[in-house]
Amino acid sequence: MASVEKLPMLAEGYAKLTAELKALREERPLIVDAIEEARAHGDLSENAEYHAAKERQGQVEATISDLEDKISRAQIIDPTTLSGDRIVFGATVTLLDDADKPVRYQIVGQAEADAKIGRISYNSPLGRALIGRRVEDEIEVTVPSGDRFYVVEKIEFI
């Protein structure tokens, strides 16, 4: 029997997933009402409203199933309880790029990743390259725009 892989995430990411799940569950009865209303309009073979409502129902049910799976496998990690000299999930890392310009990232779960605000997934190329590294380690990452070189300047658990 296959083991269930845990999904590490911050409490904030868990709250976001549960809120999204709650909203979709609340949408379910509205979709059923829309299907009933469209069905009352007659011939289903040429009823665009009916087909759109059924399609939306399928999308919502698939998303609910996906969210329930992620939530059931969630492993909530509080970075403030972590310590050590190696980069792990939840760590906030300051790197120096090849121009000695500092960049700062927090290693988070896939659902929480947003590079624009400095959150990268532990599964991203840079995230995978950072896990297990220490201060002053040099890192080379191949990204779509080419190879990038970094030096780990600081590791924080905030």
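- In this structure, the side chain of Glu20 does not engage the main chain of Leu17 through any donor-acceptor pair within 3.5 Å.
- A pairwise comparison of heavy atoms in Val141 and Ala129 identifies CG2-CB, 3.7 Å as the closest pair.
- Between Arg28 and Glu61 a salt bridge is recorded (basic side-chain N to carboxylate O distance below 4.0 Å).
- Using a 4.5 Å cut-off on side-chain heavy atoms (C-beta onward), Thr80 and Ile158 make no contact.
- Taking CG from Asn123 and CZ from Phe89, the interatomic distance works out to 10.0 Å, rounded to the nearest 0.5 Å.
- The minimum heavy-atom distance between Ile77 and Pro8, with the atom names listed, is CD1-CB, 3.7 Å.
- Val152 has its side chain within reach of Val93: a pair of non-hydrogen atoms, C-beta onward, lies under 4.5 Å apart.
- Within the 4.5 Å cutoff, the side chain of Phe157 has heavy atoms near those of the Ile155 side chain.
- The pair Glu68-Arg25 meets the salt-bridge criterion, since a charged nitrogen lies less than 4.0 angstrom from a carboxylate oxygen.
- Of all heavy-atom pairs between Arg56 and Ile31, the closest is CG-CD1, 3.8 Å.
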**Verdict with reasoning, Arg133 to Glu138, per salt bridge (Lys or Arg N to Asp or Glu O under 4.0 Å)** = CA-CA 9 Å; Arg133 300 299 183 115; Glu138 294 180 6; over 6 Å; no
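- A heavy-atom distance below 4.5 Å is found between the side chains of Ile35 and Tyr50.
- Taking Thr142 as the reference, Asp147 meet the side-chain contact (heavy atoms from CB on, under 4.5 Å) condition, with sequence neighbours excluded.
- Atom CD of Glu12 has 12 or fewer heavy atoms from other residues, nucleotides or ligands within 6.0 Å.
- Taken from NZ in Lys154 to CD in Glu136, the straight-line distance is 14.0 Å, to the nearest 0.5 Å.
- Hydrophobic clustering, with ILVMFWY side chains joined whenever heavy atoms are under 4.5 angstrom apart, keeps Ile117 apart from Tyr122.
- Clustering ILVMFWY residues whenever any of their side-chain heavy atoms sit less than 4.5 angstrom apart, transitively, puts Tyr150 in the very cluster that holds Val135.
- Rounding to the nearest 0.5 angstrom, the gap separating the CG atom in Asp98 from the CZ atom in Arg148 is 7.0 Å.
- When all heavy atoms of Ala15 and Thr18 are compared, the closest pair comes out as O-OG1, 3.0 Å.
- Counting heavy atoms from C-beta on, the side chains of Ile107 and Ile87 come closer than 4.5 Å.
- In this structure a side-chain-to-backbone donor-acceptor pair under 3.5 Å is missing from Glu49 to Ala38.
- Arg134 places no side-chain N or O within donor-acceptor distance of the main-chain N or O of Arg86, the cut-off being under 3.5 Å.
- Under the 3.5 Å distance criterion, the side-chain polar atoms of Gln106 are matched with a main-chain donor or acceptor of Gly90.
- Side-chain contact check for Tyr14 versus Ile71: some heavy-atom pair is nearer than 4.5 Å.
- The pair Glu26-Lys22 meets the salt-bridge criterion, with a side-chain N (NZ, NE, NH1 or NH2) lying under 4.0 Å from an Asp/Glu carboxylate O.
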Exercise for review: Could you please spell out the steps behind the side-chain contact (heavy atoms from CB on, under 4.5 Å) verdict for Ile64 and Leu21?
Suggested key: CA-CA 6 Å; Ile64 286 173; Leu21 179 60; 3.8 Å; yes
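- Remark: Ser121 OG to Asp114 CG distance equals 12.0 Å, nearest 0.5 Å.
- A heavy-atom distance below 4.5 Å is found between the side chains of Met9 and Glu112.
- Residues Glu153 and Pro102 approach most closely at OE1-CB, 4.5 Å, considering heavy atoms.
- Salt bridge Arg104/Glu156: present, at least one basic N to carboxylate O contact under 4.0 Å.
- For the residue pair Ile131 and Val88, the shortest heavy atom distance occurs at CD1-C, 4.0 Å.
- Two residues are said to be in side-chain contact when any heavy atoms from C-beta on lie closer than 4.5 Å; Thr92 and Pro79 fail this criterion.
- Note that the CG atom of Leu10 and the CG atom of Asp78 stand 8.5 Å from one another [nearest 0.5 Å].
- Follow the hydrophobic side-chain contacts under 4.5 Å out from Phe149 and you never reach Tyr105; the two are in separate clusters.
- A donor-acceptor pair is defined here as one N or O able to donate and one able to accept, closer than 3.5 Å; no such pair exists between the side chain of Arg119 and the backbone of Ala113.
- Placement of Leu130 and Val103 within a single hydrophobic cluster is found when ILVMFWY residues are connected by side-chain heavy-atom separations under 4.5 Å, directly or transitively.
- For Glu140, the CD atom sits in a packed shell: over 12 heavy atoms of surrounding residues, nucleotides or ligands are nearer than 6.0 Å.
- Here the side chain of Ser124 pairs no donor or acceptor atom with the backbone of Ile120 at under 3.5 angstrom.
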